[in-house]
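Just so you know, these numbers come straight off a predicted model, no measurement behind them.
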Amino acid sequence: MAMSGIEMSDEIGPLFNGIKLKSEYKWAIFHIKESKSVQVERLGPAIGAGSLTVEEDSTYFEEVKQILIEGKEPRYVLYDFNFNSEERQIKKLAFLFYSPDSAKIKLKMLYASTKDTVKKLLTGLNVELQANDSGDLDHDSYVQEIKRKSA
């Protein structure tokens, strides 16, 4: 349980392992339900273990971006960056904390105080990202950061 008193859903651990080990889903979005527990809110498509082009990966990221922007509330995202780049495959599992500036302060604080507990459950993350508005949700910037960390 998080210091905020928020519990973690039992489905998060197995879902994370499925994404990490088998690429079962391209992404997963988590939310805090009724100020009580972190739950899976939405799952991306099941794409399997194959690698994508950067452009294909960007298309999937745009889906996540639209969901986050339309929701207007903080969310946690697990995103499987898995693409070919410069003759090599890059596979990095990223944790994205989205906390829009326009969200209510109490909600932002609840998500911020629960974030570390969520991350502890997701052992083996490669990258941590944060976004505070739609401009921060930039696939190309994230890809460059991931490439830099993979060099």
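Sorted by first and then second residue, the salt bridge (Lys or Arg N to Asp or Glu O under 4.0 Å) pairs with a member in residues 106-115 read Lys115-Glu128; sequence neighbours excluded. Note on residues 60-73: pairs passing salt bridge (Lys or Arg N to Asp or Glu O under 4.0 Å), not counting sequence neighbours, are Glu73-Arg75.
Side chains of Thr114 and Val38 form a contact here, defined as non-hydrogen atoms less than 4.5 Å apart. With contacts defined as side-chain heavy-atom distances shorter than 4.5 Å, the pair Pro45/Trp27 qualifies. At a threshold of 4.5 Å between non-hydrogen side-chain atoms, the residues Leu125 and Leu78 count as touching. With contacts defined as side-chain heavy-atom distances shorter than 4.5 Å, the pair Phe16/Leu121 does not qualify. Using a 4.5 Å heavy-atom cutoff, the side chains of Val118 and Tyr111 are not in contact. With a 4.5 Å cut-off on side-chain heavy atoms, Leu122 and Ile12 count as touching.
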(request) Determine, stepwise, if the pair Ile29 / Leu43 fulfils side-chain contact (heavy atoms from CB on, under 4.5 Å). (result) CA-CA 6 Å; Ile29 298 175; Leu43 293 172; over 6 Å; no
(message) Test side-chain contact (heavy atoms from CB on, under 4.5 Å) on Ile90 and Lys147; report intermediate values, then the result.
(response) CA-CA 8 Å; Ile90 293 178; Lys147 284 181 181 179; 3.8 Å; yes
(request) Before giving the answer on side-chain contact (heavy atoms from CB on, under 4.5 Å), spell out for Glu145 and Leu129 the whole-Å C-alpha distance, their side-chain angles and the decisive distance to 0.1 Å. (result) CA-CA 10 Å; Glu145 183 175 338; Leu129 307 167; 3.8 Å; yes
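Atoms OG and CG, on Ser35 and Leu107 in that order, are 7.5 Å from each other to the nearest 0.5 Å. In this structure, OG in Ser113 is found 7.0 Å from CD1 in Ile32, a value given to the nearest 0.5 Å. Taking NZ from Lys104 and CG from Leu110, the interatomic distance works out to 13.0 Å, rounded to the nearest 0.5 Å. Atoms CD1 and CZ, from Ile67 and Arg42 in turn, are 3.5 Å apart once rounded to the nearest 0.5 Å. Here the CD atom belonging to Gln39 is positioned 10.5 Å from the CD1 atom belonging to Ile6, to the nearest 0.5 angstrom.
Applying the side-chain hydrogen bond (donor to acceptor under 3.5 Å, both in side chains) test to His139 and every residue at least two apart in sequence or in another chain returns Asp57. For Tyr142, the ring-ring contact (aromatic ring centres under 6.0 Å, His included) test picks out Phe61, with sequence neighbours left out. Considering only residues two or more places apart in sequence or on other chains, Ser141 meets the side-chain hydrogen bond (donor to acceptor under 3.5 Å, both in side chains) condition with Asp138.
Lys26 places no side-chain N or O within donor-acceptor distance of the main-chain N or O of Ile19, the cut-off being under 3.5 Å. Between the side chain of Ser37 and the backbone N or O of Lys33, no donor-acceptor pair lies under 3.5 Å. At distances below 3.5 Å, not a single donor-acceptor pair connects side-chain atoms of Asp116 with backbone N or O atoms of Lys119.
In the displayed structure, Asp101 atom CG is contacted under 6.0 Å by more than 12 heavy atoms of other residues, nucleotides or ligands.
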List the atom pairs, donor and acceptor, that lie under 3.5 Å between side-chain atoms in residues 91-100 and the rest of the protein, sequence neighbours left out.
unit_1, atom_1, unit_2, atom_2, d
Lys91, NZ, Ser23, OG, 3.1
Lys91, NZ, Asp80, OD1, 3.0
Lys91, NZ, Asp80, OD2, 3.1

